[in-house]
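First the structure, in the form of C-alpha cells, and then the observations on it.
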Protein chains: 2
Amino acid sequence: MRKHTLGSLTWIRMMRFTNQSNQLSNEFLKRFDLTTAQFDVLIQIKTYAPLTQSQLAEKVTVTQGGMSRMLARLEKEGLIERKQNWKTKTISLTAKGEQMIDAATPSQLHFQSSFFEEVLTEEEMKSLYTLMSKIEKHSREKKLPPA
Amino acid sequence: MRKHTLGSLTWIRMMRFTNQSNQLSNEFLKRFDLTTAQFDVLIQIKTYAPLTQSQLAEKVTVTQGGMSRMLARLEKEGLIERKQNWKTKTISLTAKGEQMIDAATPSQLHFQSSFFEEVLTEEEMKSLYTLMSKIEKHSREKKLPPA
DNA sequence: TGTTTTCACTTGATTAAGCAAGTGATAGTG
DNA sequence: CACTATCACTTGCTTAATCAAGTGAAAACA
C-alpha cells in the first residue's frame, strides 16, 4: 500500500506545519494576552473597519456563530466596540484595542515570518507566496465532489 | 500602517487555506463516517503500527491527552485495538478499521491532491512540496524567542 | 525489601468552534 | 395596513482540544 501522491504528502505537511506553528504562535502571543485567532481578527478590523460581523467571519474563515462569541469576548475585554447601526452591527477598535494590536503587531509579524525566513531564500519565499495565493484562492471556490 | 512582510502574508494565506480545506475535508469524509483527524491517525497507525500512543501523538502534533481520548473514541467504534503491553499500550487496526481506511484512502488522497492539482503545474507542485518539507521540518525544531 | 522515581496513559476542568434553531428589526407583498 | 420573508446576529447543544493533576505499574536505589 503505497498510494500517497505528491499532493497528499504536501497536504499533510502543510497541516502539520500550520498546526504546529499555530500552537507556537499562541504561546508567543501570551505575552500580549492574545491568541492567534484574536490577533487575526483585530488586524482585520484595524485594516478594514468599519465592517460587519458577517464580513469579518467570512474573511477569517469562521462561522457567524463563532464570530459572534469571539467578538463578545473581545468586547468584554474592552478591545473592540460594536454599534447597532441600521440592522447590522458595526465593529471598530477601542483605544485600548488599537494600543494592544499596535504593540503586538511588529513582533508577531516578525515571528510569523521567521518560520519561513529562517530556512528559505528570498527567491523561495516569493515563489511560496505566489503558490499559496493561487491555492488559497482556489480553495475558497472549491466545491465538494459528488458522492 | 503597512508593515506586513512577505512571510506574514504567506503565513496568513496558509492558515486560511488549511482551515478552509480542513473543513471541506471533514465534510467530504462524512461519507465514510470519519473526520480528517481520525483519517490522519488511522493512516499513521496503518503505516507505522505497532506503535505507542505517545509516538502517535507526536506524529500528528497533538497532546497525549488529546490522543488518549481520540483513541478511546476509535476503540469504542471498533476501528482500533489497544493492548496493554509491558508498560505501554500497543495500538493496531482491527479488521473493521483496516477495511474502513482502505475504503476511504483512495478518494481522500485524491481529494487532498485536488486542492493543488487543479491549479498548479507538475513543476509547481514539486517545488511546493520541497518548500513545505523544509518549513515543516524547521517548525518542529523551532523554539520560542525570549520575551 | 521497602521506598521513591519515572513513565505511559487517563481524566477533570476549561476553552473554543461548529451546527442549527431562535430572535428581533426591517423590507417587501397582497 | 397587516403579514410574511429576509437578514444579521445570538445562543443552546455537542464535539474536540488543551493543560495539569492523577493513577498505576515497573525501575532504581538504599
Side-chain angles (χ1 to χ4, degrees), chain A residues 15-16 18-30 33-42 45 49-77 79-92 144, chain B residues 15-16 18-30 33-42 45 49-77 79-92 144:
Chain A
M15 287 295 167
R16 299 256 195 281
T18 48
N19 192 1
Q20 173 72 10
S21 76
N22 198 39
Q23 281 173 29
L24 286 170
S25 166
N26 273 320
E27 212 174 319
F28 178 71
L29 283 173
K30 274 197 190 134
D33 258 309
L34 290 171
T35 66
T36 306
Q38 288 172 343
F39 179 84
D40 194 7
V41 328
L42 289 177
I45 297 172
L51 75 179
T52 68
Q53 294 195 186
S54 335
Q55 293 170 324
L56 199 46
E58 223 247 301
K59 271 196 187 301
V60 301
T61 327
V62 140
T63 57
Q64 283 215 14
M67 187 48 69
S68 178
R69 278 185 238 261
M70 160 148 245
L71 291 175
R73 286 193 290 274
L74 289 172
E75 193 170 39
K76 207 175 72 185
E77 303 196 359
L79 302 181
I80 64 156
E81 274 176 341
R82 292 190 281 183
K83 278 197 286 281
Q84 190 74 37
N85 181 346
W86 197 54
K87 81 176 162 185
T88 75
K89 291 199 171 173
T90 300
I91 296 150
S92 54
L144 276 195
Chain B
M15 288 294 167
R16 300 255 194 282
T18 48
N19 191 1
Q20 173 73 9
S21 75
N22 197 39
Q23 281 172 31
L24 286 170
S25 166
N26 273 319
E27 213 174 319
F28 178 72
L29 282 173
K30 274 197 190 131
D33 257 309
L34 290 172
T35 65
T36 306
Q38 287 172 343
F39 179 83
D40 194 7
V41 328
L42 289 178
I45 297 172
L51 77 180
T52 68
Q53 294 195 189
S54 335
Q55 294 170 324
L56 198 45
E58 224 245 301
K59 272 197 187 300
V60 302
T61 327
V62 141
T63 59
Q64 283 216 12
M67 188 48 69
S68 177
R69 278 185 239 261
M70 161 149 246
L71 291 175
R73 286 192 292 274
L74 288 173
E75 193 170 38
K76 207 175 71 187
E77 303 197 356
L79 303 181
I80 64 156
E81 275 177 339
R82 292 189 282 182
K83 278 197 285 283
Q84 190 74 39
N85 181 343
W86 197 54
K87 79 179 165 184
T88 75
K89 290 199 175 175
T90 300
I91 298 149
S92 54
L144 277 193

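Chain naming here is simple, since letters A, B, ... match the order of the sequence lines and numbering starts at 1 in each.
- To the nearest angstrom, P of dT10(D) lies 15 Å from NZ of Lys76(A).
- Side-chain N/O atoms of Gln53(B) and Arg82(B) include a donor and acceptor closer than 3.5 Å.
- Inter-residue side-chain proximity for Leu71(B) and Leu56(B) is flagged as met; some heavy-atom pair is nearer than 4.5 Å.
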Atom pairs, N/O to N/O, protein against nucleotides 11-14 of chain C, distance under 3.5 Å?
residue, atom, partner, partner atom, Å
dG12(C), N7, Arg69(B), NH2, 3.4
dG12(C), O6, Arg69(B), NH2, 2.0
dA13(C), N6, Arg69(B), NH2, 3.2

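- Heavy atoms only, all atoms of each residue included: Leu51(A) and Ile45(A) are closest at CD2-CA, 4.3 Å.
- Atom CD of Gln38(A) and atom C1' of dT15(C) are 11 Å apart (whole Å).
- Nearest to the side chain of Ala37(B), among dA17(D), dC9(C), dA17(C), sits dA17(D).
- For the pair Leu24(B) CG and dG18(C) C1', the computed distance is 14 Å after rounding to whole Å.
- For the pair Gln55(B) and Thr52(B), the tightest heavy-atom approach, listed with the atom from each and the gap, is OE1-N, 2.8 Å.
- Taking side-chain N and O atoms only, Arg82(A) has a distance below 4.0 Å to OP1 or OP2 of dT10(D).
- One can place CE of Met70(A) at 21 Å from P of dA8(D), the figure rounded to the nearest angstrom.
- Atom CD of Glu58(B) is separated from atom P of dA8(C) by 12 Å (rounded to the nearest Å).
- The minimum heavy-atom distance between Thr61(B) and Arg16(A), with the atom names listed, is OG1-CD, 3.7 Å.
- In terms of heavy atoms, Met70(A) sits closest to Val41(A) at SD-CG1, 3.7 Å.
- Between Thr63(B) and dT18(D) there is a side-chain N or O to OP1 or OP2 distance below 4.0 Å.
- The separation between Asn26(B) atom CG and dT14(D) atom P is 20 Å, rounded to whole Å.
- In terms of phosphate contacts, Gln53(B) brings a side-chain nitrogen or oxygen within less than 4.0 Å of OP1 or OP2 of dT10(C).
- Nearest nucleotide to the Ser54(B) side chain, out of dC9(C), dA17(C), dT18(D): dC9(C).
- Although no hydrogens or angles enter the test, the distance criterion places no donor-acceptor pair under 3.5 Å between the side chain of Asn26(A) and the main chain of Thr35(A).
- At whole-Å resolution of the value, CG in Leu71(B) and C1' in dT10(C) are 12 Å apart.
- When each of Gln55(A) and Asn19(A) is assigned the nucleotide of DNA chain D with its nearest heavy atom, Gln55(A) is the one assigned upstream, toward the 5' end.
- Listed candidates were dA16(C), dA16(D), dT18(D). Nearest to the side chain of Thr35(B) is dA16(D).
- If you measure from atom CD1 of Ile80(A) to atom C1' of dC9(D), you get 13 Å, rounded to the nearest angstrom.
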